[in-house]
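Throughout, a chain's letter reflects where its sequence line sits, starting with A, and its residues are numbered from 1.
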Number of protein chains: 2
Amino acid sequence: MASIHDVAQAAGVSISTVSYALSGKRPVAEATRSRIAAIADELGYQPNAGARMLAGRRTQLLALTAPLHAETSTPAHMAFVLAVVTAARRYDYDVVLLTEEEATGGLRRVTSTKLVDGIIVLDVAVDDRRVGLVRDLSIPAVLVGVPGDTDGLVCVDLDFEAAARLAVDSLADEGHTSIALIGDPHGIYERGSNFPRRFRDAFAARAAERGITSTFAESSRNLVELRAVVDAALAAVPRPTGLVMQCAETIQLAVMEHLAGTGLSIPADLSVISAASTFDTSKFSPPLDVIPLVPAESCDRAVDLMMRALDHPLDPAVELLEPAYHSHGSVGRPQIAAAPAAP
Amino acid sequence: MASIHDVAQAAGVSISTVSYALSGKRPVAEATRSRIAAIADELGYQPNAGARMLAGRRTQLLALTAPLHAETSTPAHMAFVLAVVTAARRYDYDVVLLTEEEATGGLRRVTSTKLVDGIIVLDVAVDDRRVGLVRDLSIPAVLVGVPGDTDGLVCVDLDFEAAARLAVDSLADEGHTSIALIGDPHGIYERGSNFPRRFRDAFAARAAERGITSTFAESSRNLVELRAVVDAALAAVPRPTGLVMQCAETIQLAVMEHLAGTGLSIPADLSVISAASTFDTSKFSPPLDVIPLVPAESCDRAVDLMMRALDHPLDPAVELLEPAYHSHGSVGRPQIAAAPAAP
DNA sequence: CGCCATGATCGAAACGCTTCGACGTACCTC
DNA sequence: GAGGTACGTCGAAGCGTTTCGATCATGGCG
């Protein structure tokens with residue numbers, strides 16, 4: 001309700017002095033500054049957002065284009081959205097949410113109306129129609145995820161290749177010589193983000209490097225199919241003693257459920273690692289070793305980069321975040337009996 | 001890039017004529033109007049958002065305060081957020097997302113800076129700190145969900161009491177005389193939204209009205225506990241032949257999984273209804289009858305009310321949406337043998 | 001003692017739009 | 001033919017900031 005004019009009047013100074021006192025962009029006598037601050041506070045003065053956008057060079061608004069569409073939306077998506085908003089607030093930025101449906105139209109609109117200062121793109125797919133657009137949009141953009149063609153873009157993501165290697169190495173170092181990967185359901189590898197693919201390929205490559213056998217299986221949202229998939233993966237020859245899951249929480253839960261049913265004990269009979277998980281695997285039974293995908297990490301970094309980009313254009317770059325390994329006791333040495341027992 | 005000034009110049013008319021031609025707020029000669037429209041289009045003119053906010057009486061921005069916090073976030077939350085954004089876009093409104101963490105501070109900020117025209121409050125809890133705030137905020141607000149004290153508020157929600165009655169009646173009408181309800185996990189009934197409570201209580205009340213036996217059980221996120229809960233509920237006396245689930249998708253899936261394991265056939269041995277579900281129960285095996293909670297319905301209505309509120313203050317009111325019943329074959333007549341078989 | 005930075009403050013010009021009042025002009029109506 | 005009513009258009013006044021000179025003391029320096 002109170003405008004800068006009211007504050008100036010009450011403080012007996014000019015409007016510009018109030019502006020400078022509050023923004024600190026020019027020196028103001030300490031006595032004046034504190035008096036203005038006190039009055040502004042007392043009057044509950046808050047600068048009008050519209051006026052600020054119009055006069056200033058910043059709107060203090062970021063667009064967030066997220067994979068929000070009716071069919072799929074997982075808790076993981078939500079975690080990323082939350083992380084972006086939280087990170088943005090640390091820089092006094094608010095976030096305007098754009099849906100999948102309106103992805104390109106929305107981006108165009110918020111850009112051409114100068115509503116936002118920059119764009120954060122979440123959950124980038126290999127071939128994402130938003131990517132070509134942000135490249136041309138002449139407004140800073142940071143992608144969380146890595147599209148097929150990263151030319152001219154600023155991207156942040158977990159280093160899924162390194163995560164896959166870390167998973168393989170953790171098992172190989174313990175002496176496992178045959179390991180399996182349960183990945184995402186089928187469709188994901190065709191149309192979705194490209195990190196499942198990156199993970200899968202790096203997993204196989206690392207296993208080969210380490211001279212151990214690896215098996216890959218796509219999971220399924222159908223429980224019956226899923227059980228069959230798991231059974232088949234664990235029946236590979238030589239029999240896998242290590243299992244890595246890189247898929248949705250619900251699927252991992254179902255796999256664990258199924259494993260419990262088969263009487264396999266973890267880690268005695270089978271070592272298990274949950275990879276690139278945004279959820280808490282320490283609450284699983286048994287708790288699972290995990291290489292987490294932390295939304296806050298990628299998003300904090302993305303917003304940091306965005307803030308830097310607002311000052312001066314950023315050099316395009318793909319920044320991959322180092323994966324970490326958290327042990328919860330679900331990995332151990334393979335039972336030596338297992339290998340010779342299957343001739 | 002192009003401003004209204006550019007358009008006016010190119011069309012050889014004044015700025016105000018352009019404004020009126022494009023907004024239609026005053027009559028403009030058709031020839032002039034179409035020429036201006038063509039030029040605006042050609043120049044790619046888009047009104048500057050900041051200038052519009054400052055000069056106009058609308059910011060074309062809505063705040064959405066959602067239960068976004070690190071611990072819990074379900075696909076259902078996401079569906080509601082999506083639905084609000086989609087509905088808002090139909091009125092040329094964008095949505096600024098506020099997190100749980102910054103709930104009250106954020107609301108205050110977007111209000112006092114006049115960044116938004118109104119506030120949509122999602123997933124209202126019984127005793128929600130946001131509720132008292134929006135009541136005082138002197139800016140239109142619409143709640144999706146019903147708080148404990150609805151005084152002076154505009155609320156929209158599914159009629160959960162009616163949904164519970166519908167569930168009970170559907171089973172009672174088929175001849176079931178003992179039915180069970182698996183609700184949300186324990187904590188929800190203390191702190192969460194109040195619809196689980198409303199559903200639970202109406203369920204019991206309606207069963208009593210119909211003269212049939214009802215059992216209620218809180219579910220659990222722990223699978224072992226969950227199985228015990230389900231077993232106990234189905235072991236009630238007289239043995240329930242109908243089961244209603246009003247809980248999260250993952251839990252319903254787990255229950256179905258467990259039921260499949262026990263060899264109970266649906267609906268021959270047990271009739272099952274999924275209630276207030278935001279997900280697709282027709283893909284369950286077997287597909288489940290459902291009384292859906294459709295995010296788009298509540299949110300469309302909430303945004304409609306908001307748009308009306310922007311024109312002239314709305315009378316406070318709680319608007320409850322009629323529940324619907326979708327049959328997928330999971331409900332049938334109870335086996336007559338069952339009742340006499342347990343003397 | 002005069003000159004010039006330096007600090008503190010102010011006035012005014014944007015920023016791009018909406019909207020109000022006013023001014024013609026043309027057309028009716030009596 | 002005078003008066004009235006639309007309609008179509010324009011100029012200008014905001015809206016509330018930010019920011020760029022300009023102004024006026026003050027104090028250090030040669």
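- Judged by distance alone with a 3.5 Å cut-off, no donor-acceptor contact links the side chain of B:Tyr20 to the base of D:dC7.
- One interatomic measurement links the two molecules: CG of B:Leu43 to P of C:dG16, which rounds to 14 Å at whole-angstrom precision.
- Distance B:Leu22 CG to C:dC17 C1': 12 Å, rounded to the nearest Å.
- Taking side-chain N and O atoms only, B:Thr17 has no distance below 4.0 Å to OP1 or OP2 of D:dT9.
- Atom pair B:His5:NE2 and C:dT18:C1' shows a separation of 16 Å (rounding to whole Å applied).
- Side chain of B:Thr59 to main chain of B:Leu115: a donor-acceptor pair is present (N/O by atom type, distance under 3.5 Å, no hydrogens or angles).
- Take the nearest nucleotide of DNA chain C for A:Arg35 and for A:Ile15: the residue whose nucleotide is more 5' is A:Arg35.
- Computed from coordinates, the B:Leu115 CG to D:dG16 C1' distance equals 15 Å when rounded to whole Å.
- What separates CZ of A:Arg57 from P of D:dC20 is a distance of 7 Å, to the nearest Å.
- Judged purely by atom type and a 3.5 angstrom limit, A:Glu319 has no side-chain atom pairing as donor or acceptor with the backbone of A:Cys155.
- Each of A:Ala51 and A:Arg26 was matched to the nucleotide of DNA chain D holding its nearest heavy atom; the match closer to the 5' end belongs to A:Ala51.
- Contacts of A:Pro27 with the nucleic acid, taken as non-hydrogen atoms under 4.0 Å apart, include base atoms.
- In this structure, A:Ser112 contributes its side chain and A:Arg108 its backbone to a donor-acceptor pair below 3.5 Å.
- In this structure the side chain of A:Val142 never reaches within 4.5 angstrom of the side chain of A:Arg301, judged on heavy atoms.
- Two residues, B:Arg33 and A:Gln46, neighbour DNA chain D, and the one matched to the more 5' nucleotide by heavy-atom proximity is B:Arg33.
- Note: CD (A:Gln9) to P (C:dC10) measures 13 Å, nearest angstrom.
- Relative to the side chain of B:Ile4, the nucleotides D:dT18, D:dC20, C:dT18 differ in distance, and C:dT18 lies closest.
- By the 4.0 Å N-to-carboxylate-O rule, A:Asp300 lies close enough to A:Arg90 to be salt-bridged with it.
- Of the side-chain N and O atoms in B:Lys25, one or more sit less than 4.0 angstrom from OP1 or OP2 of C:dT19.
- Rounded to an integer number of Å, the gap from CD of B:Gln60 to C1' of C:dC17 is 13 Å.
- When heavy atoms are screened at a 4.0 angstrom cut-off, A:Glu30 is found touching no nucleic acid atom at all.
- Applying the 4.0 Å criterion to OP1 and OP2 of D:dT17, one finds that A:Tyr45 has a side-chain N or O inside that range.
- The listed nucleotides are C:dC10, D:dG16, C:dT19; the one nearest the side chain of B:Ser19 is C:dT19.
- Looking at heavy-atom distances under 4.0 Å, B:Ser16 makes contact with a base.
- The residue B:Ser23 sits apart from the nucleic acid: no heavy atom pair falls under 4.0 Å.
- In this structure, B:Leu54 atom CG and D:dG14 atom P are separated by 14 Å, rounded to whole Å.
- Across D:dG8, D:dT17, C:dG16, the shortest atom-to-atom separation from the side chain of B:Asn48 is found for C:dG16.
- Atoms CZ and CD, on B:Arg52 and B:Gln46 in that order, are 8.5 Å from each other to the nearest 0.5 Å.
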